[in-house]
Amino acid sequence: HAIGNAIVHMYVKCDSIEDARSVFDNMQNLDVVGFSTLIVAYIACGNSAEAIKLFQQSKARALAPDNIMVACILDACAAEADLAQGKHIHAYIVASRSELDIAVGNALVDMYGKCGSLDIALDIFQKMKKQDVVTWTSMLAAYAYQGCGEEVLHLFGVMQLKGHMPNDVTYMIILSACSHAGLITHGCLFFLCMSRIHNILLKEEHCNCLINMLVRSGCLDEAEEFINNLPMHPT
RNA sequence: CUUGGUAGCA
């Protein structure tokens, strides 16, 4: 297994998914690692439908999906907004696991969020034994995706009250939520908190979010001033 | 510490 899988992985890393696939197709004794390697590659190149097909093939071979594979395929369901398939995987997880792996839980929250099932995402989020920054960020993203700007900010407050530190990704969600909801004052405040309170390295994407927010809400002069005083060189 | 995994704006 290991050598064949490593070759598949090598082609994937070289962005040569066709070669990866032909090696994969010529392997006997495929295992979950080989399937997951290719599944991730298909998702990364935007072909989640093929990823889901591969998953079904692995099921047909009676390979029991492990947590890694389950998280991968939930990601594919999320990308395709395939709620039916996602629920199917969810049922499998519930039936086959005594404990929910945190990455799998996170992938479930993300999948339900992207499929528009905010209530189910929240239910899983609340029932998870442990939550990490990905869990919180996924839930925030779920609210943001539905346009619930106020809920995003509220949950962001709760997150910090519970002692969870946001990271650069969390702030991307927060800033874009402020932008979409027209919450300019909050957006500017959070932008400052990010580097000054949370010591997060400011990235170009964060600045783009802020500019986006200012422009959207008609603050063109402020946007221009900000652009002229960017903390980093635009690329 | 290298065969696979979950969150990111426009």
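Letters go in sequence order (proteins before strands), and every chain restarts at 1.
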message = Need one value for A:M111: base, sugar-phosphate or nothing, where a base atom within 4.0 Å counts as base even if backbone is also close, heavy atoms only.
response = nothing
query = To the side chain of A:A6, which of B:U6, B:G4, B:U3 is closest?
reply = B:U3
request  = Would you indicate which nucleotide in B:A7, B:G4, B:U3 comes nearest to any side-chain atom of A:I68?
outcome  = B:G4
inquiry  = So if I take every side-chain heavy atom of A:D75 and compare against B:U6, B:G5, B:U3, which nucleotide ends up nearest?
reply    = B:U6
key: Touch class at under 4.0 angstrom, heavy-atom based, for A:V8 against every strand present   = nothing
Just distance, no hydrogens or angles: give the donor-acceptor pairs under 3.5 Å from side chains in residues 69-90 of chain A, sequence neighbours left out.
{"from": "A:D82", "atom 1": "OD1", "to": "A:Q85", "atom 2": "N", "distance (Å)": "3.0"}
{"from": "A:H90", "atom 1": "ND1", "to": "A:Y112", "atom 2": "OH", "distance (Å)": "2.7"}

query = Name the one of A:V12, A:V8, A:N5 that satisfies side-chain contact (heavy atoms from CB on, under 4.5 Å) with A:V23?
reply = A:V8
Side-chain-base donor-acceptor pair under 3.5 Å for A:D101 and B:G5 = yes
query = Among B:C9, B:U3, B:A7, which nucleotide sits nearest the side chain of A:H9?
reply = B:U3
request  = Identify whether any heavy atom of A:V40 sits under 4.0 Å from a base atom; if not, whether one sits that close to sugar-phosphate; answer base, sugar-phosphate or nothing.
outcome  = sugar-phosphate
request  = Starting from P on B:C9, measure out to CE on A:M172 and report it in whole angstrom.
outcome  = 7 Å
inquiry  = Would you say A:H180 places a side-chain N or O within less than 4.0 Å of OP1 or OP2 belonging to B:A10?
reply    = yes
Base of B:G4 paired with side chain of A:D66 (donor-acceptor, under 3.5 Å) = yes
inquiry  = So A:S36, base contact, sugar-phosphate only, or nothing? Heavy-atom distance under 4.0 Å.
reply    = base
key: Candidates B:A7, B:G4, B:U6 - which lies nearest the side chain of A:A103   = B:U6
